[in-house]
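One structure below.
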Amino acid sequence: MIRQISSFICCTAAVVAAVPALLAAQEAAPLPLKHTPEPTSAAISAKDLMTRLYIFADDSMMGRETGTRGHLMSTAYIANELTRLGLKPAGDNGTFFQNVPMIRRAFSEKSTITVGETTLRGGTDFVASAPTGALPSLGTVDVVFGGRPGDSTAALAPDQIRGKLLMQYPAPRGAGRGGFGGRGGRGGGGPAIMATIEDITPQALRLAEHPREGQVTLKTPTPGSQPGFVTLTLTPSAAQTLLGADPAAAAKGQAGKSAMLHLVFDEEPAPARNVVAIIPGSDAKLKNEYVALGAHNDHVGVLTTAPQDHDSLHVFRQAQFAINGLVRRGQQASVEQQGQLSALHVNFDSLRKAHPVRLDSIRNGADDDGSGSVTLLEIAEAFAKAPQKPKRSLLFVWHTGEEKGLLGSRWVTDHLPVPTDSIVAQLNMDMVGRGTARDIPGGGDTYLQLVGSRRLSTELGDIVEQVNKTESKPFAFDYQFDANGDPENIYCRSDHYNYARLGIPVVFFTTGLHGDYHQVTDEPQYIDYPHMARVGQLVHDVAVTVGNLDHRPLVDKPKPDPNGRCQQ
Ligand SMILES: [Zn+2]
């Protein structure tokens with residue numbers, strides 16, 4: 001699942017903590033760090049899923065980031081399995097791979113910002129992060145001060161920020177997205193550039209590798225896409241130059257200087273590929289229609305900051321998430337929650353008795369979306385080995401670049417190997433391996449979130465409910481993240497949306513966010529395999545029902561604008 005952007009500086013490593021009692025709440029028998037693969041069978045089983053996920057989310061895959069060798073390795077694993085299982089390739093030139101033209105765009109220290117006689121230097125006074133899509137042209141912009149935590153939350157007036165460089169102190173964790181002044185992007189009438197003032201020395205800024213690592217994005221922007229916006233990180237001294245005053249004493253909305261921006265980004269090709277396969281249907285006529293099933297093959301790679309203490313981080317994040325529940329975007333933790341959070345203390349001694357310190361830099365993405373990817377493989381295996389196929393064909397897509405902005409699903413839906421209107425539904429799995437009581441408030445054996453299942457087709461939503469009733473242990477669906485306007489914005493945060501935008505009814509299956517989301521601690525040892533196998537069985541059985549239906553699921557809701565912004 002893609003991160004909801006509120007600030008591009010992610011996650012101060014407040015690695016500490018744990019009420020000793022939480023240690024007791026850990027798994028009675030934790031799963032091993034490594035697992036020896038065993039042959040898989042037709043059934044969608046916890047055993048097979050373990051074998052697959054310990055391979056797919058192994059450290060050797062290096063976090064499967066789009067544009068890296070780990071991405072090539074993990075997509076090769078999927079394609080090898082599909083070859084072995086005998087699926088029909090539906091990628092480029094008779095292969096399972098659909099290459100997506102992407103580039104890595106990295107900040108160059110040749111960049112400068114000129115304010116009057118003063119020149120601010122890239123890598124010393126500021127760093128810039130490139131947007132996805134096309135680079136906006138910038139030139140000279142006016143600076144305006146956006147505020148600091150504790151200021152009035154009232155947004156600045158549109159004409160105070162439009163087309164400007166909006167400079168502000170970072171929003172506190174858990175604050176609403178967009179900070180104080182609203183989102184950027186010239187297309188939206190917002191600021192041209194968002195800049196964050198970090199309490200950081202030039203030396204530390206030099207080490208902030210994130211923008212230098214580069215951003216992987218489509219080589220050419222998708223039709224109808226809004227131009228992205230550049231974000232800057234400024235030292236306090238650079239901020240003072242741009243504002244012409246001490247930002248620590250500035251008033252919200254205070255006008256600054258005019259700045260001439262000369263931002264340079266280096267670009268290189270970044271390997272990115274969807275894995276696409278078909279299982280033909282059994283009915284002479286209906287086989288020309290498809291039930292699409294998807295997951296995303298990529299994750300967010302390795303840390304570019306210092307390694308973290310895995311076990312402390314896991315215990316702390318889990319405790320934090322449990323207390324916070326889901327402090328929803330735009331909401332503050334309650335006073336009681338804040339008290340509990342600040343009372344979190346580490347008992348390192350207990351931790352160290354259990355494990356020596358294990359430093360970790362690899363964000364394995366076992367749940368995100370290793371879980372969906374290997375469950376999709378299990379579903380493919382079940383169908384490939386079944387003597388009787390559904391009447392309709394099945395289109396399997398393991399999407400690339402989901403974490404870069406749903407780019408692989410955008411590409412495949414703009415370049416489908418089958419006619420768009422031949423796809424009767426899309427079933428997406430992203431993060432389907434957790435959802436226990438330890439992972440999410442209200443979690444448990446029958447926990448599963450459904451998102452989007454009735455947004456285009458009431459009938460499709462009803463089908464999922466009916467099929468669920470026939471399962472060995474039916475799920476109790478949690479629909480709260482499907483609510484219109486829900487601040488977590490989950491409906492817009494995974495690949496199904498790129499199908500829905502074309503009017504294809506979708507169902508998004510997920511066991512939800514948890515403390516290890518996008519951390520080095522999202523590892524196979526924390527996955528609930530029996531739970532995940534039952535999610536896979538449900539998705540399989542929904543595909544059978546939709547695949548054999550004597551009509552396509554009726555679309556009875558308005559279709560979105562295919563090039564518009566997703567609306568939760
Ligand atoms: Zn993700």
Side-chain angles (χ1 to χ4, degrees), residues 1-6 10 174-178 183 293-296 298-300 321 324-331 365 367-373 375-376 399 401-410 413 425-436 439-443 447-457 460-461 464-465 475-501 504-519 522 531-532 535 538-539 542 557 560 564-568:
M1 187 138 26
I2 188 173
R3 194 159 59 91
Q4 175 100 308
I5 305 296
S6 54
C10 173
R177 66 177 193 166
R183 286 176 69 78
L293 298 107
H296 71 87
D298 68 312
H299 190 56
V300 295
F321 200 81
N324 262 327
L326 285 174
V327 177
R328 312 298 288 277
R329 298 275 165 180
Q331 294 175 6
D367 190 34
D368 185 8
D369 185 23
S371 63
S373 291
T375 303
L376 193 57
H399 303 94
E402 194 270 356
E403 302 287 4
K404 306 298 183 193
L406 316 186
L407 300 181
S409 54
R410 175 73 200 209
T413 50
Q426 200 260 355
L427 312 177
N428 182 36
M429 292 176 288
D430 190 355
M431 302 177 66
V432 292
R434 301 282 293 251
T436 71
D439 296 317
I440 189 165
Y447 186 82
L448 185 61
Q449 294 173 19
L450 286 196
V451 179
S453 63
R454 290 190 174 88
R455 282 181 177 250
L456 279 160
S457 166
L460 182 60
V464 182
E465 295 267 355
F475 290 98
F477 294 139
D478 179 357
Y479 285 105
Q480 63 170 312
F481 295 94
D482 195 26
N484 287 335
D486 184 89
E488 279 296 334
N489 204 32
I490 298 288
Y491 176 62
C492 301
R493 286 172 60 184
S494 189
D495 294 314
H496 54 271
Y497 181 70
N498 275 322
Y499 295 79
R501 75 187 169 94
I504 298 168
V506 301
V507 187
F508 177 28
F509 300 84
T510 178
T511 47
L513 300 173
H514 48 79
D516 294 319
Y517 168 72
H518 280 205
Q519 304 292 319
D522 182 4
H531 193 161
M532 184 157 76
V535 176
L538 172 66
V539 174
V542 170
K557 305 278 182 65
R565 188 185 276 270
C566 176
Q567 188 64 46
Q568 166 79 31

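Values reported hereafter were calculated over all heavy atoms of this structure, with side chains retained and with hydrogens, waters and symmetry mates removed. The residues of the chain are indexed from 1 along the displayed sequence.
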Quick one, [X] and [Y] - any side-chain contact, counting heavy atoms below 4.5 Å?
{"X": "Glu488", "Y": "Leu513", "result": "yes"}
{"X": "Met431", "Y": "His514", "result": "yes"}
{"X": "Leu293", "Y": "Val539", "result": "yes"}
{"X": "Cys566", "Y": "Asn489", "result": "no"}

Distance in Å, [X] [atom1] paired with [Y] [atom2], rounded so as to fall on 0.5 Å steps:
{"X": "Phe508", "Y": "Asp482", "atom1": "CZ", "atom2": "CG", "value": "10.5 Å"}
{"X": "Leu538", "Y": "Phe475", "atom1": "CG", "atom2": "CZ", "value": "6.0 Å"}
{"X": "His496", "Y": "Arg501", "atom1": "NE2", "atom2": "CZ", "value": "13.0 Å"}
{"X": "Leu450", "Y": "Phe481", "atom1": "CG", "atom2": "CZ", "value": "12.5 Å"}

*For side chain to side chain donor-acceptor pair (under 3.5 Å), just list the numbers for Asp368 and His296, CA-CA rounded to whole Å, side-chain angles, deciding distance to a tenth of an Å, and then say yes or no.*
CA-CA 8 Å; Asp368 185 8; His296 71 87; 3.0 Å; yes
*Just say parallel, tilted or perpendicular for the rings of Tyr479 and Phe477, cut-offs at 30° and 60°.*
perpendicular
*asked:* I'd like to know if Asp298 pairs up with Lys404 as an ion pair, taking the criterion as any Lys NZ or Arg NE/NH1/NH2 lying under 4.0 Å from an Asp or Glu carboxylate oxygen.
replied: no
*Is the shortest side-chain N to carboxylate O distance from Glu403 to Arg3 below 4.0 Å?*
no
Any donor-acceptor N/O pair, [X] side chain to [Y] backbone, under 3.5 Å:
{"X": "Arg434", "Y": "Asp439", "result": "no"}
{"X": "His518", "Y": "Met1", "result": "yes"}
{"X": "Gln426", "Y": "Ala500", "result": "no"}
{"X": "Arg493", "Y": "Leu406", "result": "no"}
{"X": "His531", "Y": "Leu448", "result": "no"}
{"X": "Thr510", "Y": "Val432", "result": "no"}
{"X": "Thr413", "Y": "Arg410", "result": "yes"}
{"X": "Glu402", "Y": "Ile2", "result": "yes"}
{"X": "His399", "Y": "Gly408", "result": "no"}
{"X": "Ser453", "Y": "Leu460", "result": "no"}

*Run the ring-centre check on Tyr517 versus His299 and record whether the distance is less than 6.0 Å.*
no
_I'd like to know whether the aromatic ring centres of Tyr491 and Tyr497 sit less than 6.0 Å apart in this structure._
yes
Shortest non-hydrogen contact from [X] toward [Y]:
{"X": "Gly294", "Y": "Asn428", "answer": "O-OD1, 3.3 Å"}
{"X": "Ile440", "Y": "Gln449", "answer": "CD1-NE2, 3.5 Å"}
{"X": "Leu376", "Y": "Ala295", "answer": "CD2-N, 3.7 Å"}
{"X": "Ala483", "Y": "Gln568", "answer": "O-NE2, 2.9 Å"}

*Positive for side chain to side chain donor-acceptor pair (under 3.5 Å) with Asp430, one of Ser373, Ser494, Ser371*: Ser494
*Counting heavy atoms not belonging to Glu465, are there more than 12 under 6.0 Å from its CD?*
yes
